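What you see is a predicted model, and the numbers here were worked out from it, not measured in a lab. Worth knowing before you read on, the calculation uses all heavy atoms, side chains too, and leaves out hydrogens, waters and symmetry mates. All chains are named by letter (A, B, ...) in the order of the sequence lines, taking the proteins before the strands, and each is independently numbered beginning at 1.
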Amino acid sequence: MTIKEALFQYTLRQGDTSLILGHRLSEWCGHGPKLEQDIALINIALDLVGQSRSYLEYAARIEDKNRTEDDLAYHRAEREFKNLLLVEQPNGNWGNTIMRSFYYDVFHYLFLHELVKSKDEQIAAIAQKSLKEVTYHLKHNSDWVIRLGDGTEESHVIMQTAADELWMFTGEMFDMDEVDDILMKEGIAPDLKPLHSKWLQKVKDVFTEATLKVPPEDAWMQSGGKLKGIHSEQMGFILSEMQYLPRAYPDATW
Amino acid sequence: MSKPKSKNEWPLWEVFIRSKAGLSHKHVGSVHAADHEMAIENARDVYTRRSEGISIWVVESNQVHANNPAEKDSLFEPADDKIYRHPTFYEIPDEVGHI
Amino acid sequence: MSKEKAFEQEFENKIENEIKIEPRDWMPEKYRENLIRQISQHAHSEVVGMLPEANWITRAPSLRRKVALLAKVQDEAGHGLYLYSATETLGARREDTVDDLHEGRAKYSNIFNYPSVTWADIGVIGWLVDGAAIQNQVMLTRTSYGPYSRAMVRICKEESFHQRQGYEIVLHMAKGTPEQKEMAQDALNRWWWPSLMMFGPSDKDSKHSQQSLAWKIKRQGNDELRQEFIDKTVPQAKYAGLTIPDPDLKWNEEKGVHDFGEIDWSEFMNVIKGNGPMNRSRIKARKAAKENGAWVREAATAYHEKKMKRAQQKQSAA
């Protein structure tokens with residue numbers, strides 16, 4: 001694998017994860033528990049789709065095959081998407097949505113902190129911009145995990161259930177392969193292994209305040225989305241919704 | 001003006017935004033929130049989507065005290081005839097220049 | 001002169017002299033009621049209006065269109081909040097006005113009882129529905145009630161991108177493939193008449209219009225606003241190469257305005273009564289959002305109370 005190929009894959013992984021999480025959060029639009037929260041969630045979705053556009057636009061340039069950000073978003077199939085399994089999980093109730101974002105935000109924050117040092121200027125610039133946004137996402141969602149975890153008995157149960165159910169999708173965030181190895185040697189990508197303990201510590205801190213139990217650290221973890229493009233059944237539904245217009249009218253532009 | 005609230009209703013907060021350094025905070029509207037941190041976040045998302053602010057104050061609405069509007073005349077009218085508080089009250093010959 | 005009479009006189013003087021009425025000023029009870037009805041109805045329209053468009057966010061055909069639509073629908077939530085915030089200054093709590101909506105006691109703009117069937121609808125909603133709304137809202141920036149007027153100024157400023165966003169979509173489709181053009185024309189056919197109905201019945205048949213005009217809550221009549229909207233929109237349709245579905249529409253040289261066909265008010269009345277294709281679905285969606293979110297709102301309140309209690313205990317222990 002060449003550096004260029006690795007960089008293309010790597011950029012897709014970030015872009016796809018942002019895009020799919022942004023897609024999921026948009027599904028809440030008009031249905032949130034309070035109008036103020038609809039607005040908050042859309043803000044986060046806008047940040048994520050914005051990040052995704054930067055990554056995909058860059059990926060298209062790296063690939064150099066005359067494709068655009070939209071070609072990458074709208075004309076790739078399930079197996080070509082390299083997002084984390086975590087972010088494609090259905091919204092469920094508001095608690096599931098908050099917990100899914102929280103698990104990812106902690107990782108995303110730590111990851112971007114390293115990515116800003118990337119020797120690839122474009123990647124570093126995207127990371128720099130994203131870090132400000134994600135710092136807010138993390139604060140916002142940590143606050144919500146605490147409120148709902150330590151709120152009522154009902155909310156506590158909902159949040160604990162969400163924490164437990166989504167747990168098996170958290171390990172994948174730290175998976176690495178040849179793509180990472182090649183780019184680490186070039187100083188473009190960070191090593192994800194050291195982030196794991198930091199991630200766990202932050203989750204523990206917030207869960208302690210939220211009176212939630214951290215699921216067992218040695219639990220079995222799912223993987224395959226980010227590295228191999230093997231997704232859950234959810235993915236096909238997301239794409240058939242997201243891509244339907246450009247696929248149904250291939251000659252049209254919008 | 002506030003009525004008793006049922007259990008799951010969040011209180012009303014008045015929002016004040018400083019649009020840029022050098023200007024005062026200005027009242028822009030209100031949000032609902034369970035606590036002041038949420039109120040600030042909600043105010044940020046509702047009232048600064050287009051870079052309208054660099055600083056936010058929130059105050060729970062029931063903590064805002066106002067004068068009785070019926071006392072408007074006795075509170076504010078007495079100032080109307082104190083024209084000696086304004087520079088134009090004083091006559092300075094033009095030759096002196098700007099003072 | 002009785003105290004009440006003196007207040008009333010002062011109120012009338014303010015209206016006469018274009019001095020805004022502010023929240024704690026004396027105002028006739030009917031003026032307050034009228035405002036609460038109109039502003040909350042306006043707020044509900046923003047919020048219910050999110051639904052037909054939010055439907056398409058996950059299906060927006062390009063990422064550029066997706067962020068624009070997200071931002072637009074988010075603005076609508078924001079505008080709903082600015083308006084609820086204005087009704088709260090009149091002592092009407094948001095929870096109560098929202099309950100009125102959910103129980104069918106309050107109305108919202110009838111237009112949102114029609115379905116957004118294709119992507120072209122997103123374009124036409126922005127172009128016509130926001131266009132008609134802006135027509136109305138620009139007039140309302142001069143309304144006599146201060147908080148309403150300030151909310152409107154802000155809303156008008158923000159909405160200027162909404163209509164452009166919609167017209168850009170329409171134009172792009174109208175100049176696109178034959179299928180796209182057909183979609184755009186079809187959307188215009190379906191939304192044209194309901195958009196004209198947005199201005200409400202003719203002034204002579206509108207029960208609220210006269211009083212609202214006298215109190216300067218509204219500054220222009222329904223018919224005048226509708227006419228201005230038509231005159232503005234006709235050239236835009238022409239530029240896009242689309243046909244407005246009204247055989248009677250033609251330029252009246254003498255009056256300097258467009259003549260247009262008879263509006264089918266029986267359809268309007270029926271949709272208002274709940275017989276539109278989407279009435280039930282819209283209210284159901286809003287009620288479900290409220291009910292499914294009850295545990296979240298309760299939990300946040302409970303957490304805040306716990307936190308206050310802990311702080312107090314800490315203080316008294318110290």
Heavy-atom side-chain contact between C:V296 and A:I98 under 4.5 Å:
no
Which atoms of A:I42 approach chain C - backbone, side chain, both or neither, heavy atom under 4.5 Å
both
C:R286 and A:L35: which non-hydrogen atoms are nearest, and at how many Å?
NH2-CD1, 4.5 Å
Could you tell me which of A:I238, A:N43, A:D251 has the largest number of non-hydrogen atom pairs under 4.5 Å with chain C?
A:N43
Which value, rounded to the nearest 0.5 Å, describes the distance between C:K175 atom NZ and A:T253 atom OG1?
13.5 Å
Contact class of A:I158 relative to chain C, heavy atoms under 4.5 angstrom:
side chain
For A:E154, is it the side chain, the backbone, both or neither that has a heavy atom under 4.5 Å from a heavy atom of chain C?
side chain
Which region of C:E179, side chain (C-beta onward) or backbone (N, CA, C, O), has a non-hydrogen atom less than 4.5 Å from a non-hydrogen atom of chain A, or is it both or neither?
side chain
For A:L41, is it the side chain, the backbone, both or neither that has a heavy atom under 4.5 Å from a heavy atom of chain C?
neither
Counting heavy-atom pairs closer than 4.5 Å to chain A, which one of C:A71, C:A288, C:G78, C:A299 comes out on top?
C:A299
Most chain A-contacting option - heavy-atom pairs closer than 4.5 Å, from C:V47, C:V67, C:V98, C:I169
C:V67
Are side-chain heavy atoms of C:Q180 and A:Y249 found at a separation under 4.5 Å?
no
Toward chain C, the part of A:D38 with a non-hydrogen atom under 4.5 Å
side chain
For A:P246 and C:P61, work out which heavy atoms get closest and say how close.
CG-O, 3.5 Å
Taking everything shown except C:R164 itself, do over 12 heavy atoms lie less than 6.0 Å from its CZ?
no
Atom pair NZ (C:K66) and OH (A:Y74), whose distance is rounded to the nearest 0.5 Å:
4.5 Å
Which atom pair, heavy atoms only, marks the closest approach of C:R297 to A:P33?
NH1-O, 2.7 Å
In this structure, are over 12 heavy atoms from other groups packed under 6.0 Å from A:E209 atom CD?
no
More than 12 heavy atoms of other residues, nucleotides or ligands under 6.0 Å from NZ of A:K139: yes or no?
yes
Does CD in C:E182 sit with more than 12 non-hydrogen atoms of other residues, nucleotides or ligands closer than 6.0 Å?
no
Cut-off 4.5 Å, heavy atoms of chain A, and the answer for C:T58 is both
Heavy-atom proximity to chain C below 4.5 Å, by part of A:W144:
side chain
With chain C, which of A:L56, A:V49, A:I39 has the greatest number of heavy-atom pairs at distances under 4.5 Å?
A:I39
Could you walk me through whether C:E95 and A:K34 satisfy the salt bridge (charged side-chain N to carboxylate O under 4.0 Å, His left out) test, starting with their C-alpha distance in whole Å, then the side-chain angles of each, then the deciding distance to 0.1 Å, before giving a yes or no?
CA-CA 11 Å; C:E95 286 83 359; A:K34 187 90 184 168; 3.8 Å; yes
May I have the step-by-step check of salt bridge (charged side-chain N to carboxylate O under 4.0 Å, His left out) for C:R94 and A:E36, ending in yes or no?
CA-CA 12 Å; C:R94 195 201 307 174; A:E36 281 87 342; 2.6 Å; yes
Can you find a side-chain donor-acceptor pair between A:T152 and C:E298 that sits under 3.5 Å?
no
At what distance, to the nearest 0.5 angstrom, does CZ of A:R147 lie from NZ of C:K307?
7.5 Å
Interface residue of largest heavy-atom contact number with chain A, from C:I57, C:N55, C:L70, under 4.5 Å:
C:L70
Drop me the distance from A:H23's NE2 to C:R59's CZ, to the nearest 0.5 angstrom.
10.0 Å
Could you look at C:R64 and say if it's the side chain, the backbone, both or neither that has a heavy atom under 4.5 Å from chain A?
both
Do A:L245 and C:W56 touch side chain to side chain, with heavy atoms closer than 4.5 Å?
yes
With a 4.5 Å cut-off on heavy-atom pairs, point out which of C:S62, C:G123, C:A54 contacts chain A the most.
C:S62
How far does OG1 of A:T211 sit from NZ of C:K306, to the nearest 0.5 angstrom?
6.0 Å
May I ask you to name which of C:M50, C:H304, C:H172 has the most heavy-atom pairs under 4.5 Å with chain A?
C:H172
Can you tell which part of A:A252 gets under 4.5 Å to a heavy atom of chain C, answering side chain, backbone, both or neither?
both
Value for OH (C:Y303) from CG (A:D143), rounded to nearest 0.5 Å, stands at 8.0 Å
Of all the heavy-atom pairs spanning C:L51 and A:G30, show the shortest one and how long it is.
CD2-O, 3.8 Å
